[in-house]
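Reviewing the structure listed below.
Note that the numbering runs from 1 along the sequence shown for the chain.
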Amino acid sequence: MPKFVTIGYGDRAGYERTGRAVRDAAHAHDAELLAGGAVMGIAGTPVQVRNPDGVRIETKDGPFLSSVLPVAGFAVIEAADLAEAIDVVSRSPCAVAHGVVEVWPLETP
């Protein structure tokens, strides 16, 4: 089955202005995904890694990209196709709590 990488963006303000029942349903949905084998996690502090010409590792604290909302978490899910992946993430906490979720098809070699 195809895999998809998802990136959730959201902030506390959007989360808190979302009704408790909606949030609870979204968390229950995430729990079902986890139980079904999805790999999910809350975003920690990122580190950028570069290794120009393979001879010198360089690191820099912080994200490479910036957005209006902070990255909240990541998941790797399985779905029959992109439409199903979109449906699955549409019920996640970031999607329902005034955030956004990116869905990236994971193409494996």
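- Residues Asn51 and Arg56 approach most closely at OD1-N, 3.0 Å, considering heavy atoms.
- A single hydrophobic cluster is seen to contain both Val39 and Val5, as judged by linkage of ILVMFWY side chains at heavy-atom distances under 4.5 Å, directly or through other members.
- For the pair Asp81 (side chain) and Ala83 (backbone), a donor-acceptor distance under 3.5 Å is present.
- Nearest heavy atom pair, residue Ala79 against residue Ala85, reads CB-N, 3.6 Å.
- In this structure, Leu69 and Tyr9 approach most closely via the heavy-atom pair O-CD2, 3.5 Å.
- A distance of 9.5 Å separates OG1 of Thr59 from CD of Gln48, quoted to the nearest 0.5 Å.
- In plain terms, the two heavy atoms of Phe4 and Leu82 that are nearest each other are CZ-N, 3.7 Å.
- Residues Tyr15 and Val101 fall into different hydrophobic clusters, defined by Ile, Leu, Val, Met, Phe, Trp and Tyr side chains chained together at heavy-atom separations under 4.5 Å.
- Val103 is not connected to Phe74 by any chain of hydrophobic side-chain contacts under 4.5 Å among Ile, Leu, Val, Met, Phe, Trp and Tyr, and they are in different clusters.
- Atom CZ of residue Arg91 and atom CD1 of residue Ile86 lie 12.5 Å apart, to the nearest 0.5 angstrom.
- Under the 4.5 Å side-chain contact rule for hydrophobic residues, Met40 and Val89 share a cluster.
- Counting heavy atoms from C-beta outward, Pro93 and Asp30 have side chains that approach closer than 4.5 Å.
- Thr18 and His98 make their closest contact through OG1-CD2, 3.2 Å (heavy atoms, listed as atom of the first residue, atom of the second, distance).
- Going from atom CD1 of Ile7 over to atom SG of Cys94 covers 11.0 Å, rounded to the nearest 0.5 Å.
- Taking NE2 of His27 as the start and CG of Leu34 as the end, the distance is 12.0 Å to the nearest 0.5 Å.
- Taken to the nearest 0.5 Å, the CD1 atom of Ile77 stands 8.0 Å off from the CD atom of Glu84.
- If you chain together hydrophobic residues whose side chains sit under 4.5 Å apart, Trp104 and Leu33 never meet in one group.
- Minimum interatomic distance between Arg50 and Phe64 (heavy atoms only, all atoms of both residues): NH2-CE1, 3.4 Å.
- Residues Glu58 and Lys60 are not paired through a salt bridge, judged by the lack of any N-O separation under 4.0 Å between the basic side chain and the carboxylate.
- Glu107 CD: 12 or fewer foreign heavy atoms inside a 6.0 Å radius.
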